[in-house]
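Just so you know, these numbers use all the heavy atoms, side chains as well, and skip hydrogens, waters and symmetry mates.
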Amino acid sequence: MKSELNAMVEAMTPDIYQRLVTAVEIGKWPDGVALTEEQKENCMQLVMLWQARHNHQPQHMSIGQGGELVTRTKRELKEEFGIGDNVTRITLQ
């Protein structure tokens, strides 16, 4: 089973990976058919395995290359998105 899973992950292209990510995020296949719970779990596992091998620039709360969970502090996220302390904030009422 492990060798079959490894072969499946190795055969995944970035396009297939992105389709699986989208399917997990919205709960539907590209044709609009809803994922079953089993499909959702399997897709999520494949996404995490692919990220563990190929994710050279992991985003916040994703799996980095090597399998570690990547998290960032609020400050690191602000820096990444170019949000400084001098940003004017508008509060809508």
Side-chain angles (χ1 to χ4, degrees):
M1 174 81 172
K2 186 176 180 181
S3 62
E4 292 172 4
L5 189 58
N6 285 331
M8 190 181 306
V9 172
E10 285 303 315
M12 285 174 56
T13 64
D15 183 54
I16 292 171
Y17 161 76
Q18 193 56 55
R19 285 175 182 249
L20 291 174
V21 168
T22 301
V24 169
E25 287 174 350
I26 65 173
K28 296 179 183 179
W29 294 112
D31 64 1
V33 175
L35 274 71
T36 65
E37 278 303 311
E38 183 178 13
Q39 288 173 330
K40 193 171 187 176
E41 288 177 25
N42 291 337
C43 288
M44 195 174 310
Q45 289 175 6
L46 286 170
V47 164
M48 291 171 69
L49 287 169
W50 191 92
Q51 287 179 345
R53 294 182 186 184
H54 303 285
N55 197 0
H56 301 288
Q57 296 177 329
Q59 299 298 313
H60 177 65
M61 294 301 289
S62 67
I63 306 297
Q65 192 172 16
E68 75 279 354
L69 179 63
V70 175
T71 59
R72 292 197 170 89
T73 65
K74 191 174 183 179
R75 176 164 297 292
E76 289 171 325
L77 289 170
K78 282 182 172 182
E79 289 173 5
E80 183 176 329
F81 291 107
I83 300 172
D85 293 331
N86 58 351
V87 172
T88 302
R89 294 188 183 356
I90 299 172
T91 304
L92 302 175
Q93 307 245 353

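- Within the 4.5 Å cutoff, no side-chain heavy atoms of M8 are placed close to those of E4.
- Residues N6 and R53 are in side-chain contact: their nearest non-hydrogen atoms beyond the backbone lie under 4.5 Å apart.
- Residue V33 comes nearest to D31 through the heavy atom pair N-OD1, 3.1 Å, listed as atom of the first residue, atom of the second, then distance.
- Note that CD of E25 and NZ of K40 are 10.0 Å apart. Values are rounded to the nearest 0.5 Å.
- Shown here for Y17 and M12, the closest heavy-atom pair between the two residues is CA-CE, 3.8 Å.
- Placement of L5 and V21 within a single hydrophobic cluster is found when ILVMFWY residues are connected by side-chain heavy-atom separations under 4.5 Å, directly or transitively.
- The CG atom of L49 sits 12.5 Å away from the CE atom of M44 when rounded to the nearest 0.5 Å.
- Residues M48 and I26 fall into different hydrophobic clusters, defined by Ile, Leu, Val, Met, Phe, Trp and Tyr side chains chained together at heavy-atom separations under 4.5 Å.
- Here the OG1-CD distance, from T13 to Q18, works out to 10.5 Å after rounding to the nearest 0.5 Å.
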side-chain contact (heavy atoms from CB on, under 4.5 Å) between L20 and W29, worked out: CA-CA 8 Å; L20 291 174; W29 294 112; 4.1 Å; yes
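- Taking both residues in full, the closest heavy atoms of P30 and R19 are given as CG-NH1, 3.8 Å, listed atom of the first, atom of the second, then distance.
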